[in-house]
Amino acid sequence: MLLLMLVAATTLRLCPLARAQPLCRIRTVRTGKVFHVREQIQGVGIPEVTSAHFAGSVLLLVVNRKVYVYDYEANSWNASTGVEHPVSHISGDNCCYSGNSFCMDISNSVFAYLRGDQISQANIYFSNTRGYRFQKYSQERQAELVGSLGGIFYFYSLSQVGLLLVDQRKAMFGYSDHPLNRSFGLPFDYNGTLDILIAPGQKGILIFWFEKSLLISRNAGQLVNPVHVREGQHILYSSISEANITIHSVAANENELAVLTQENNLYYGSLGILSSSLIKFADQNIWSEEAVLMFTDVGMLEILSPLPDSTSPAFDFQKCPVNIQAILMDPQLQVDVCKVELLQGEFENKMYTIDMNSELELTALMIPRPSTSPVPLVMVSNPHSLGLQAVIYEDGYTYDGNTKHRLNISLRQQQHWGRADPNFTSSIKRPTISTITLDIANKEISCLDLKPLTALISVGCDLEKKIVIQNEISACYNGILDPVALQDNYSYVIEREAYDPSFRGQKATEDLEVPYHYEKLGCPILVYYDTPWKPVVELWREGKFQEVVKAEYVLLEVNGLFTYTYSLTADMALCSSQPQNWTTIAKTAGDKGPFAWDRENYVSCHDPNNNAPLRWPKVPYQILGGPTENKVVFDQRNGIYIFFISIVDPYYSYCHLETTFSVYVYGAFPLPIFPPEITIVLLTGATLLSVWLAYLIPELLHTERGLRVKGFWARLRRRCGKSCACVWARC
């Protein structure tokens, strides 16, 4: 009996060990050796690769301090241009939300720099062409900064650039734009040269590491904290250095973190919304000097080690696929059960746009496990431009009796919530991006399948918006123009006295024949010349009318017609500074052409921060809409005008809302041949002469001379009468 008890006890002790599964089943992956490989070409020296980065469909490499581009789709190599000084590193980011312009900009944009340069004299290069062409990058404050350059990164769709400044054994981030450029991030320990990993997803998560340190920041480097090491629910070590382990490589995806150590151990953790920690997995012989980590999917990790061959320049790989979820089920890890059964939202992995003065409503559903009270937490990565308000309430029960909780999330620009200090918010004129993430605060590491719900929010132009000019009464409707004729290669002539091809208001040397594009313009709007007029501008989105635009806009006749002006002058529009006009815009437009006036270069003459003095108060005020009742006044000329219209109010929309439309002006009489002053003088003189003759002739008829004249006309009449009678008699 005693023997049986000893056997049973031994079996129970060995059961946990028997159930413990290895991290992976190692296998060899054949790669280049299955194809014909040429002998290795002998060269001079050994090339040193110090940095690599994927930018869209290309791989950027820094080899011997020069940047090279390998397009793996076209199988072509190119040397980057524009980098005039040695560089050691490339930094950039890849957007996980494909199919939008922001992600294209992010993936195409990279920095190249020499790590360790003194920041005040560092040569930093920037490329928005995926590394094919670089240009020199500098910040206004760069010459004033102290320390060496530890790295350079961008956040929030290139609207914020961060420089890692290293001074002795401390480091901190400096930033390029308001509001972060008002101060630095909090300093943190820098005990060795840190490699910096940008977690994908545009959440502003940075991971800093070297052999004896692992740090994380969730707000683009403003706060940097160490990663803890845990066992079950207990924190064993507050940092990697306390754990006395040596990091070999680090991998991360949007929500997970893995660390391979030289002690042949694998650590795993989640990038929690509040804190991050690691747990140690079971031991297995997986480490080698060349081993690297890579997440292939949520909860799927691969450890790759190249297998060199002295007879071939190609490598096979030793592959160790790790199923994280299966390992977390090991009871020896003392991992708690996830407290949430379901976290679901229709916005997951989608992109939304919030234009100026717009709002966005999102909803999510959370179902906790019975007798638990998990706390959902909503966060945005860029609170300087995007604000939120969240409400949670009970919304019924499941078939199992669990309570369903509904979350309503309202998003709008931070500046429009009215709760943030102006020194905290970013410039409202500049478009930017942010992510919104819904997660469970301090959720268990076992919630592997319960991914945070993340969406990308573009605070910028809504591409579905456009402006349309209202055309209720057209020239075709009143029969002035024939729509059939307008569609039949119709053209019209502009007199040389009425237009200037250079848009300077000078008369041209010849008439201009203009083809009319009916498909684009339709029938012209009918306008009476003697009535001040302005167009009714409508905003449409996805084919639906939204509102009548009240914002400021400008007009320009596309063929250079200048036979119109404006009803208000600068002083009548109550301008406090000199207003812009098409002439001043053209002087600074450069290569943009005559139609360069838009929301980006518009400055209101009512802006108290506009310091341009009002020197010419009587010039025409050329801005329509907004706070004034300014209108267009046409000269005495009938004909077609084709106008370009641009919404210039920078606070109405981030879009360049522009279009063209046509107007037919009627009712103007032809201009007189002589100037009106001469005509008035002649008419006045003729009238006075008639009055004088009417008085003088009766008086003269009673004089001797008048009687002779009267007798002469009487004799002449008698002679004419006889001659006429003779003529009639012969007939």
Side-chain angles (χ1 to χ4, degrees), residues 99-105 157 350-361 411-413 416 428-433 456-477 483 486-487 516-527 533-559 582 585 589 592-602 622-626 630 632 640-664:
N100 59 82
S101 58
F102 277 114
C103 290
M104 292 294 293
D105 292 339
S157 184
K350 292 183 180 179
M351 177 178 174
Y352 298 89
T353 299
I354 297 180
D355 204 340
M356 194 79 73
N357 305 304
S358 300
E359 292 190 20
L360 178 63
E361 299 290 333
L411 297 169
R412 69 170 77 165
Q413 293 165 277
H416 291 155
I428 194 173
K429 292 184 179 181
R430 296 184 60 181
T432 182
I433 66 170
L456 183 67
I457 309 297
S458 165
V459 183
C461 172
D462 184 350
L463 298 178
E464 300 296 331
K465 287 184 177 181
K466 67 175 183 178
I467 54 173
V468 175
I469 307 303
Q470 189 180 102
N471 187 1
E472 293 185 348
I473 302 177
S474 70
C476 299
Y477 177 80
L486 290 176
Q487 299 177 63
Y516 189 82
H517 301 288
Y518 183 85
E519 299 81 7
K520 181 180 180 180
L521 300 172
C523 283
I525 302 171
L526 189 61
V527 177
W533 163 88
K534 68 176 181 179
V536 178
V537 187
E538 299 177 345
L539 178 68
W540 288 66
R541 183 180 185 275
E542 295 182 335
K544 298 180 181 179
F545 170 78
Q546 302 296 310
E547 64 182 7
V548 173
V549 177
K550 303 296 184 182
E552 295 167 305
Y553 58 90
V554 292
L555 298 176
L556 182 64
E557 212 286 328
V558 300
N559 297 300
W582 284 105
I585 292 296
K592 295 182 179 180
F595 307 103
W597 204 350
D598 56 27
R599 64 176 302 274
E600 295 183 2
N601 56 18
Y602 173 66
Q622 297 185 356
I623 297 94
L624 303 171
N630 195 23
V632 176
I640 295 176
Y641 293 73
I642 300 177
F643 283 108
F644 164 80
I645 180 172
S646 173
I647 306 295
V648 296
D649 186 348
Y651 302 105
Y652 184 72
S653 172
Y654 289 105
C655 300
H656 289 262
L657 296 174
E658 303 169 346
T659 191
T660 56
F661 66 98
S662 60
V663 168
Y664 185 84

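We're numbering straight along the sequence, starting at 1. On a predicted model such as this, the values are computed, not experimentally measured, just so you know.
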Can you tell me how far CD1 of Ile467 sits from CZ of Phe661, rounded to the nearest 0.5 angstrom? 9.0 Å
Below 4.5 Å, heavy atoms only, C-beta onward: do Phe643 and Val663 meet side chain to side chain? yes
Does any donor atom in the side chain of Glu359 or His416 lie under 3.5 Å from an acceptor atom in the other side chain? no
Would you mind reporting whether Gln487 and Tyr516 have side-chain heavy atoms less than 4.5 Å apart? no
Residues two or more places apart in sequence or in another chain: which of them pass salt bridge (charged side-chain N to carboxylate O under 4.0 Å, His left out) with Asp462? Arg541
Mind checking whether Trp540 and Phe545 have parallel, tilted or perpendicular rings, split at 30° and 60°? perpendicular
Mind checking side chain to side chain contact (heavy atoms under 4.5 Å, CB included) for Glu472 and listing every partner two or more places apart, or none if nothing turns up? Gln470
Going by side chain to side chain donor-acceptor pair (under 3.5 Å), name the residues that satisfy it together with Glu552, two or more places apart in sequence or in a different chain. Tyr602
Are any non-hydrogen side-chain atoms of Val459 and Thr353 less than 4.5 angstrom apart? no
Flag, side chain of Asp649 to backbone of Gly625, donor-acceptor distance under 3.5 Å: no
Side-chain heavy atoms of Ile433 within contact of Ile457, under 4.5 Å: no
Apply ring-ring contact (aromatic ring centres under 6.0 Å, His included) to Tyr652 and list each qualifying residue two or more places apart in sequence or on a separate chain. none
Tell me whether Lys466 at atom NZ has more than 12 heavy atoms from other residues, nucleotides or ligands lying less than 6.0 Å away. no
Partners of Ser646 by side chain to side chain contact (heavy atoms under 4.5 Å, CB included), sequence neighbours excluded? Val554, Asp598, Phe644, Val648, Glu658
Salt bridge (charged side-chain N to carboxylate O under 4.0 Å, His left out) filter on Arg599, not counting sequence neighbours, yields none
Step by step, work out the side chain to side chain contact (heavy atoms under 4.5 Å, CB included) result for Phe595 and Leu556. CA-CA 8 Å; Phe595 307 103; Leu556 182 64; 3.6 Å; yes
